[in-house]
Each structure stands twice: as structure tokens, then as C-alpha cells.
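Here is the structure we will look at.
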Amino acid sequence: MDDLGGGPRRGAPWKRMSKEELDNQYSPSRWVVRLGAEEALRTYSQIGNEATKRAQATGRNLLNVPYGDGEGEKLDIYFPEAVSEALPFLVFFHGGYWQSGSKDSSAFMVSPLTAQGVAVVIVAYDIAPKGTLDQMVDQVTQSIVFVQKQYPGNQGIYLCGHSAGAHLAAMMLLANWTKHGVTPNLKGFFLVSGIYDLEPVMHTSENASLLTTLEDAQRNSPQWHLKTAPTQPVDPACRILVTVGQHDSPEFHRQSRELYQTLRRGGWKASFEELHDVDHFEILWNLTQKDYVLTQIILKTIFQES
């Protein structure tokens with residue numbers, strides 16, 4: 001096996017993996033259990049497209065709202081029937097390895113959440129190769145600032161991200177809100193099947209489009225910033241759920257567990273959930289269902305039910 005490691009993280013399991021094994025570990029479609037890889041990706045896109053069309057058809061939405069000056073800096077806001085100033089907002093960041101995916105096919109959870117009185121915001125950001133990781137993190141930050149400024153009476157902003165989107169949401173644990181002139185009313189994070197240490201990804205074929213350097217990876221790895229210079233929670237009541245699918249790869253499991261452990265040590269109100277019998281894509285597309293366990297966890301967290 002090629003040893004890709006060295007330095008202070010010599011003990012990390014991925015350091016002892018060959019490039020082929022890393023490619024395997026960091027390719028979620030290779031771990032699906034019910035469908036072939038291509039069919040799983042096709043089904044994931046189809047369910048996302050259909051859910052988004054249904055959400056847009058209600059008319060209770062604002063689409064392509066600019067949150068910044070860039071062409072790709074747009075978001076969609078989906079409202080419940082009873083619109084008020086004091087709504088909870090769930091802000092969602094799509095996945096796609098920072099190089100694919102779109103807000104226009106990512107409204108999976110809109111119908112079940114708006115039916116219960118939650119406004120849902122789906123955020124677009126400039127994916128690679130147009131966007132760099134630093135730009136994506138900045139755009140996500142801007143989108144949250146925008147929501148807080150537009151809806152200052154909100155009952156809480158809850159961030160949710162899947163895969164690469166979970167990474168972007170986790171980076172908000174490190175955000176310096178002071179320089180943006182507003183502190184968002186962050187009440188919760190739902191981090192779904194994410195990657196929180198980007199260094200292993202540098203050694204996979206996914207990096208061909210990302211072109212991430214070691215410095216980029218380290219600067220944008222929430223796991224290592226939280227571990228080496230822990231950021232104390234602004235609001236001790238802010239809840240963080242780190243979740244992973246049973247059929248996600250061992251590396252996705254390791255990354256999620258290590259982030260959870262780091263958050264707990266740092267004083268965050270974090271919990272960990274392995275969702276039974278779902279893979280990397282099913283864990284998200286099942287959010288179209290109101291009775292799905294993750295949908296229920298999100299709603300109970302937002303409405304502070306034990």
C-alpha cells in the first residue's frame with residue numbers, strides 16, 4: 001500500500017490507504033446497496049427534481065433571490081401556508097462534491113417541513129471549477145447573513161447540508177459574524193453524511209476538478225480547526241446533529257464520528273445518529289417523507305420537543 005501520510009496526522013487511517021482504496025472510500029455511489037451506482041445517482045436527481053417542482057408549484061415561494069452580487073449567488077425561499085415574521089428557517093446546502101448539484105433539484109425536505117410551519121431556504125453557490133472552496137464558504141456565509149437581515153424576527157435559523165453541503169454548513173461553526181455586521185440566530189445544525197477533513201480528498205480522483213492544495217484543505221477543514229483551536233458555541237443551546245447512513249463508507253463514518261467527538265469535547269451540544277439501512281443518497285431523498293426518522297428529528301429539534 002502507498003503511504004500518503006506524514007506529519008502530525010500520521011496515525012489517521014486514511015494515511016495507510018492506497019489511492020485506489022481512497023477513491024473507493026470517497027466514492028459514495030460505490031457503496032449503494034439497492035441500486036447500481038448510475039441508477040442510484042439518476043434516482044437521486046429524479047427525486048430531487050420532482051420534489052422541487054412540487055414545492056415550486058405551490059406558489060408559496062420566492063425563487064432566485066439574490067443574496068450577493070455574483071451570478072450564482074441566488075437562493076429559493078419556500079414558505080408555509082401561514083406566513084409570519086416569526087418563522088423558523090431551515091437553510092439547506094446541497095452536495096455534489098463541491099462540483100455538481102444545484103438548488104434547482106434539492107428541495108427534498110420542503111413539503112414535509114413547510115407543512116409543519118418551517119420556512120425552507122435552498123442555497124446556490126458557485127461549484128468548481130468556477131468556484132473555489134474559499135469562495136463557496138464565503139457565499140454560504142453571505143446567504144445566512146442575508147436570511148438574518150431579511151427576516152430579523154425569525155424563530156431560529158437551522159443549517160442543514162448533505163455531503164459537501166454538510167462540510168459547508170460545518171464551516172459556519174467557525175464563521176466570524178462580527179465582520180458581517182450581524183449575528184445570525186443560529187439554533188441548530190443538521191450535518192448529513194459529510195466530509196469534515198478535506199486532506200484525504202486531495203489524494204482521490206475527485207481533486208482533478210477541485211485542484212485543492214494542502215493549504216486549501218487545511219484552511220477549509222472544520223474538523224482540524226475545531227480540534228486545534230476550538231470555537232466555543234455562541235449559543236450553548238444550539239444543537240448539532242451529526243448523522244451518517246448505515247451504508248455510507250467506513251471513511252464517511254469515521255469522519256462523522258470524529259467531528260461529533262471533537263464537538264463534544266469543545267462544549268457543543270452535539271449528538272450522533274447512524275440512520276438504519278440507508279446509503280449516502282437515500283439518507284437525503286427520504287427527507288421527502290414526513291414520517292422518515294430524520295424528518296422527525298429535524299422537526300422535533302426545531303420545535304424543541306424532547
Take the angle between the ring planes of Trp98 and His167 and call it parallel below 30°, perpendicular above 60°, tilted in between. perpendicular
Between Leu226 and Leu174, is the side chain to side chain contact (heavy atoms under 4.5 Å, CB included) condition met? List the steps. CA-CA 8 Å; Leu226 289 163; Leu174 305 163; 3.9 Å; yes
Are a donor atom and an acceptor atom from the side chains of Gln139 and Glu73 found within less than 3.5 Å of each other? yes
With heavy-atom distances below 4.5 Å as the criterion, would you say the side chains of Leu191 and Phe272 are in contact? no
Arg30 side, atom CZ; Asn24 side, atom CG - distance, nearest 0.5 Å: 5.0 Å
Between the side chain of Gln296 and the main-chain N/O of Val293, is any donor-acceptor distance below 3.5 Å? no
If we ignore hydrogens and angles and just use 3.5 Å, is the side chain of Arg264 paired with the main-chain N or O of Ala270 as donor and acceptor? yes
Shortest non-hydrogen contact from Ala40 to Trp285? O-CZ3, 3.7 Å
Let's go through Glu282 and Arg34 carefully: what are the C-alpha distance in whole Å and the side-chain angles of both, what is the deciding distance for salt bridge (charged side-chain N to carboxylate O under 4.0 Å, His left out) to 0.1 Å, and is it a yes or a no? CA-CA 10 Å; Glu282 292 167 335; Arg34 274 170 279 275; 2.9 Å; yes
Tightest non-hydrogen contact, residues Val110 and Ala55, listed as CG1-CB, 3.5 Å
Identified side-chain contact (heavy atoms from CB on, under 4.5 Å) partner of His247 from the options Val32, Leu275, Val278, Asp279: Asp279
Please report the interatomic distance CG(Leu299) to OH(Tyr292), rounded to the nearest 0.5 Å. 13.5 Å
Between Tyr67 and Ala124 (side chain of the first, backbone of the second, donor and acceptor by atom type, cut-off under 3.5 Å), is there such a pair? yes
Spell out, as yes or no, whether a donor-acceptor pair under 3.5 Å connects the side chain of Ser163 to the backbone of Gly96. no
Check the side chains of Asn185 and Gln148 for a donor-acceptor pair under 3.5 angstrom, ignoring hydrogens and angles. no
With no hydrogens and no angle check, just 3.5 Å: does a side-chain donor-acceptor pair link Asp138 and Thr141? no
Just by modelled atom types, is the His94 backbone N or O under 3.5 Å from a matching donor or acceptor in the Tyr125 side chain? yes
Parallel, tilted or perpendicular, as decided by the 30° and 60° cut-offs, for the rings of Tyr158 and Phe190: parallel
Quick one: sort the Tyr151 and Phe79 rings into parallel, tilted or perpendicular, breaks at 30° and 60°. perpendicular
In plain terms, say whether Glu251 and Arg254 are close enough for a salt bridge, that is, a side-chain N and a carboxylate O under 4.0 Å apart. yes
Does His162 reach the main-chain N or O of Ser106 with its side chain, forming a donor-acceptor pair under 3.5 Å? no
Honestly curious: do Val123 and Val182 fall in one hydrophobic cluster under the side-chain, below-4.5 Å linking rule? yes
Looking only at heavy atoms, what is the nearest atom pair of Gln56 and Asn61, with distance? O-ND2, 3.1 Å
Do Ile240 and Leu259 have side-chain heavy atoms sitting under 4.5 Å apart? no
Residues, nucleotides or ligands: over 12 heavy atoms within 6.0 Å of Arg257 CZ: no
Measure from the ring center of Tyr44 to the ring center of Phe281 and say whether it is less than 6.0 Å. yes
Single-linkage hydrophobic cluster Phe146~Leu159, side-chain heavy atoms < 4.5 angstrom: yes
Atom NZ in Lys227, atom OG in Ser221: separation rounded to 0.5 Å? 12.0 Å
Step through the shown structure and confirm whether more than 12 heavy atoms of other residues, nucleotides or ligands are within 6.0 Å of CG on Asn176. yes
Say whether Val147 and Val65 are linked into one hydrophobic cluster, either directly or through other cluster members, by side-chain heavy-atom distances under 4.5 angstrom. yes
Which heavy-atom pair separates Thr295 from Asn286 by the least distance, and what is that distance? OG1-O, 4.1 Å
Is the closest side-chain donor-acceptor distance between Tyr260 and Gln255 under 3.5 Å? no
Do side-chain atoms of Ser27 reach the backbone of Ser29 as a donor and acceptor pair under 3.5 angstrom? no
Where is the tightest heavy-atom contact between Met109 and Leu90, given as atom of each residue plus distance? CG-CD2, 4.1 Å
Within the 3.5 Å criterion, strictly below it, is a donor on His253 or Asp248 matched to an acceptor on the partner's side chain? no
Donor-acceptor contact below 3.5 Å, side chain Asp23 vs main chain Glu20: no
Do Gln25 and Pro250 come within less than 4.5 Å of each other through their side chains, counting heavy atoms only? yes
Mind listing the closest non-hydrogen atom pair of Gly117 and Leu87 along with its distance? O-CD2, 3.6 Å
Interatomic distance, Phe89 atom CZ to Ile144 atom CD1 [nearest 0.5 angstrom]: 13.5 Å
Please walk me through it: do Glu273 and Ile297 pass side chain to side chain contact (heavy atoms under 4.5 Å, CB included)? CA-CA 10 Å; Glu273 194 86 34; Ile297 290 171; 4.1 Å; yes
